[in-house]
J.: 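Please read through the structure below; I'll follow up with questions.
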Amino acid sequence: MEKDTEHIVNQLRCNNEKILNEVYLNYRESFVAFVKRYGLKNEDAVDVFQDAVIAMHQNFVIKQVTLHKDVSLKTYLFAIGKNIIKSKLKKERQMYAVDDFNNWESLDEEHEPTEAALLIKMRNGFEGLGKKCKEIITLFYYRGFSINEILDHMGYKDANTVKSQKSRCLKQLKTLSNESYE
Amino acid sequence: MNREEILQKYFHNRLSEKERAQFEIDLQNSEQLQKEYKEYKHLQAAIKQSEYNRLKKELKALEAAKTGKKTTLFNWKIAATLLILVSIGGLWHLSQPADVDKIYAQYFTEYPNTLKPVVRGNEDVQTLAFTYYENNEYDKAATAFSSLLSKNEDADIRFYYALSLLNDTKLELAKHELEALLLTNTQYKAQLHWYLGLIEMKFGNNAKAIAYFEMLQDPQAFNHKKAQKLIAKLSR
């Protein structure tokens, strides 16, 4: 991996959105030109590019992905984009195919309907949280910060305070999303 | 490592191969771990979706700025400018009887929480909703009230839901909710008439506004004097 790429990837893994915007602007033209080969309209190509950029970013942030030394950021991003187009085209084909079967439910991508509903509830619960709670929950579950890392990052008194604050916020989120795991 | 740490490391790719293999075996054998695993997975997916929506908006805005096209997103600057222009237009047309927006602003005050005093330490949705309401975080209050109402219909709670919308300047939505409450036996009947009157006045429906304000004829009624003044202004 080039030094420059390494720096960018590290920044993305730290959730640096300014760098994300730079990546967006840097590869936009070539990506749109590239996906037009699949017969996509300009608008759809841009839409796919945005989704690819977000998926790439979330892979870095959540899964802390590292790139193999021979893989450039561009190659990685374009590969994600290609996968998105493929699943998009597959879905469109299914759309035409299911007309005969009336089997619309199978179209609902990765999640079962009940699971999708649960996710919406939980997302609403998360979005209903106050700023502090949102931050602590995001740091733990989305960015994978340990309790001690959260302690340093948010300047709490001690690890126990972080733990109790986190469980209080989680309780609030569950109450808000009206969903219990008990 | 405790279970939560292991789960977190698993979901963020921080387990060694050996630890990961062990985790997968444990997962198959423990119902409790499966439950916690699911909870973590769902939580992460929910945050991921929320972040996706936020980032998508940002990238759309970046795209719009780049191409110089008008953004399809709601643009606050444009909205604010339009609002000012509309208000100026409004001033022009409404020189008689008076500037409605100004009167609205003068007479509108947020209705206080008189239903459930917030007791610190309680963590139920209702307390949370009223805490948001009292802290002027009306969009969050509205979400919380709406969540309460989805479980259990309660006219007085709906009143605060409507007021959260109204305080958040969502007049159309608030009007709809308040009108629905007219048919209930909420303890806030007079308040309904007052706020509906203000909304209708703001929308330029003076006759309707006067009709609502006339419902506050009783000298003991909520905002009786203010209602009388407004009737006088609107009838001019």
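In what follows, chains are A, B, ... by sequence order, proteins preceding strands, each numbered from 1.
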J.: Under 4.5 Å from any heavy atom of chain A, what part of B:Lys140 do you find: side chain, backbone, both or neither?
T.: side chain
J.: Flag the pair A:Arg28 / B:Glu63 as yes when at least one side-chain heavy-atom distance between them is below 4.5 Å, and no otherwise.
T.: yes
J.: State whether the side chain of B:Tyr132 and the backbone N or O of A:Gly130 hold a donor-acceptor pair below 3.5 Å, judged by distance alone.
T.: yes
J.: Is there a side-chain contact between A:Leu118 and B:His42 (heavy atoms, below 4.5 Å)?
T.: yes
J.: Contact part of B:Thr131 toward chain A, heavy-atom cut-off under 4.5 Å: side chain, backbone, both or neither?
T.: neither
J.: Which one wins on heavy-atom pair count under 4.5 Å against chain B: A:Arg168, A:Lys134, A:His57?
T.: A:Arg168
J.: Relative to chain B, which segment of A:Phe49 carries a heavy atom at a distance below 4.5 Å: side chain, backbone, both, or neither?
T.: neither
J.: Flag the pair B:Glu4 and A:Lys163 as a salt bridge only when some basic side-chain nitrogen lies within less than 4.0 angstrom of an acidic carboxylate oxygen.
T.: no
J.: How about CD on B:Glu31, more than 12 heavy atoms from neighbouring residues, nucleotides or ligands closer than 6.0 Å, or not?
T.: no
J.: With a 4.0 Å cut-off, would you call A:Lys174 and B:Glu39 a salt bridge?
T.: yes
J.: Run the side-chain contact (heavy atoms from CB on, under 4.5 Å) test against B:Lys226 and tell me which residues pass, sequence neighbours left out.
T.: B:Tyr107, B:Trp194, B:Asn223
J.: Side chain, backbone, both or neither: which part of B:Phe11 has a non-hydrogen atom closer than 4.5 Å to chain A?
T.: backbone
J.: Just to verify, which of A:Val53, A:Asp51, A:Leu20 counts as forming a side-chain contact (heavy atoms from CB on, under 4.5 Å) with B:Leu55?
T.: A:Leu20
